[in-house]
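By convention in this document, chain letters (A, B, ...) are assigned in the order of the sequence lines, proteins followed by strands, and residues within each chain are numbered from 1. Owing to the predicted nature of the structure, the values given are computational and were not obtained by experimental measurement.
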There are 2 protein chains.
Amino acid sequence: MTDLVRETVIEKLRDGEYNCPKELTLSMFSGKWKINMIYHLGHDGNYYFYELQKLLPRASHKEIAEKLKELVEDGIVDRHPEAGPRLKVSYSLTPLGISLLPIIDSMYAWGEKRLKELQLRHVVFGLGETKD
Amino acid sequence: MTDLVRETVIEKLRDGEYNCPKELTLSMFSGKWKINMIYHLGHDGNYYFYELQKLLPRASHKEIAEKLKELVEDGIVDRHPEAGPRLKVSYSLTPLGISLLPIIDSMYAWGEKRLKELQLRHVVFGLGETKD
DNA sequence: CGGAATCCAAAAAGATACTG
DNA sequence: CAGTATCTTTTTGGATTCCG
């Protein structure tokens, strides 16, 4: 299992000593690739495992498998194995996962705005007008 | 420095190859205690270093110092050293940090709702009505 | 193809101690 | 008080392998 934040949250939940709602939310998608997976599944629909691998070329096979497993455990993602000669598994968001999309979208919007600011500053640096 | 997500984002930004706004946002507060710090600073105003230590008793001195340093580097938090016989430093959110509060508040709301659901299920388990 | 196990390298975190 | 450095332990991640 991965991610200390998620670990801590799960442990606290089990012990009934939990008191920080925003950490619970963060633990849902703070793993290295989870937010991308949720985003893609939320905006494009279902994906097969191997499709997710193509979408996230910098993530290892192991990471994708681990994160998907956690997302399923957390009730964010559904797993759909298909019968056949070769095992094929597709994934989709659960209603709970879908309920995270507004948060991720607002994060996207914030990040986009911030990115533009940073790029503008970068141009200014390039012109030698100011320093970092 | 800490947090691989943040590292990756910074690196990508430097190389000009950046293309994922939501990861940028996530990198702002995905460190282990950052979201709590931002939340407290946002809702309560300024805090001294030693006050943050009291607010986050499970976070080590080192962690708090590191995360604050990163938050300052990222433009989320301002550092206010006070002159005196003993060094005293207070911290506050920058406008940029304040602009993150709506996202954190929506995370809080989501987590609160989810927490209630989980607790309800927990009660049911305790009564032996169903299984995990 | 999807998933789990293994081994190994890299990263993060705790403890401690030192400085201004 | 705040910040940094060092050392050690724990976690995490990549690569590879094996199995259904």
Side-chain angles (χ1 to χ4, degrees), chain A residues 1-12 23 26-27 29-37 40-41 46-73 77-92, chain B residues 1-12 23 26-27 29-37 40-41 46-73 77-92:
Chain A
M1 202 167 295
T2 45
D3 201 36
L4 208 75
V5 175
R6 183 168 173 275
E7 285 279 293
T8 308
V9 167
I10 290 173
E11 195 179 317
K12 280 184 177 177
E23 271 191 11
L26 189 61
S27 74
F29 48 60
S30 68
K32 201 176 174 189
W33 301 100
K34 282 183 183 176
I35 197 169
N36 295 296
M37 294 178 179
H40 281 124
L41 292 173
N46 293 31
Y47 277 116
Y48 289 106
F49 188 98
Y50 69 89
E51 291 177 316
L52 286 170
Q53 282 188 289
K54 287 181 195 163
L55 281 172
L56 306 169
R58 317 227 299 185
S60 69
H61 180 109
K62 180 189 172 192
E63 281 298 293
I64 293 177
E66 277 182 7
K67 299 307 179 190
L68 279 174
K69 190 181 178 188
E70 291 178 6
L71 288 168
V72 170
E73 285 172 3
V77 163
D78 270 335
R79 183 174 177 276
H80 313 282
E82 290 179 10
R86 271 275 183 239
L87 178 58
K88 242 175 129 177
V89 182
S90 72
Y91 292 89
S92 64
Chain B
M1 203 167 296
T2 45
D3 201 32
L4 208 76
V5 175
R6 184 168 173 274
E7 286 278 294
T8 308
V9 168
I10 290 173
E11 195 179 318
K12 279 184 178 176
E23 272 191 9
L26 189 62
S27 74
F29 49 61
S30 68
K32 201 177 176 186
W33 301 101
K34 282 184 183 176
I35 197 169
N36 294 297
M37 294 177 181
H40 282 125
L41 292 174
N46 292 32
Y47 276 117
Y48 289 106
F49 187 100
Y50 70 90
E51 291 178 316
L52 286 170
Q53 281 188 290
K54 287 181 194 163
L55 281 171
L56 306 169
R58 319 227 300 185
S60 68
H61 179 110
K62 179 188 169 193
E63 282 298 292
I64 294 178
E66 278 181 6
K67 299 308 179 191
L68 280 174
K69 191 179 176 188
E70 292 178 3
L71 288 168
V72 171
E73 286 172 2
V77 163
D78 270 334
R79 183 175 177 274
H80 312 282
E82 290 180 10
R86 270 272 182 245
L87 179 59
K88 240 176 130 177
V89 181
S90 72
Y91 291 89
S92 65

Quiz prompt | Lys/Arg N to Asp/Glu carboxylate O, B:Glu70 vs B:Lys34, below 4.0 Å | solution = yes

Practice problem: Could you tell me whether A:Glu23 and A:Arg6 make a salt bridge, using a distance below 4.0 angstrom between a side-chain N and a carboxylate O? | Solution: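 No.
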
Self-check item: Of A:Arg86 and A:Lys32, the one whose closest DNA chain D nucleotide lies more 5'
Solution: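 The residue mapped nearer the 5' terminus is A:Lys32.
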
Quiz item: Hey, which of these two, B:Lys69 or A:Ala59, hits DNA chain D nearer its 5' end, going by closest nucleotide?
Solution: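 Nearer the 5' end of the strand: B:Lys69.
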
Exercise. Would you mind telling me which of D:dA2, D:dT4, C:dG2 lies closest to the side-chain atoms of B:Arg79?
Key: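 Comparing D:dA2, D:dT4, C:dG2 against the side chain of B:Arg79, the answer is D:dA2.
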
Quiz item: Do we see a donor-acceptor contact under 3.5 Å between the side chains of B:Gln53 and B:Tyr48?
Solution: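 No.
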
Nucleotide [N], atom [atom2] - distance to [atom1] of [X] in whole Å:
| X | N | atom1 | atom2 | result |
| --- | --- | --- | --- | --- |
| A:His61 | D:dG13 | NE2 | C1' | 14 Å |
| B:Phe49 | D:dG3 | CZ | C1' | 7 Å |
| A:Lys67 | C:dG3 | NZ | P | 15 Å |

Quiz item: Checking all strands, does B:Lys62 fall into the base, sugar-phosphate, or nothing category for heavy-atom contacts under 4.0 angstrom?
Solution: base

Self-check item: Distance test, side-chain N/O of A:Tyr91 to OP1/OP2 of C:dG3, below 4.0 Å
Solution: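 Answer yes for this pair, as a side-chain N or O of A:Tyr91 is under 4.0 Å from OP1 or OP2.
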
Quiz prompt | Below 4.0 Å: OP1/OP2 of D:dG13 and any side-chain N or O of A:Ser60 | solution =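 For D:dG13, OP1/OP2 do not have a side-chain N/O of A:Ser60 under 4.0 Å.
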
Quiz prompt | Centroid separation B:Phe49 to B:His61 less than 6.0 Å | solution =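 Yes.
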
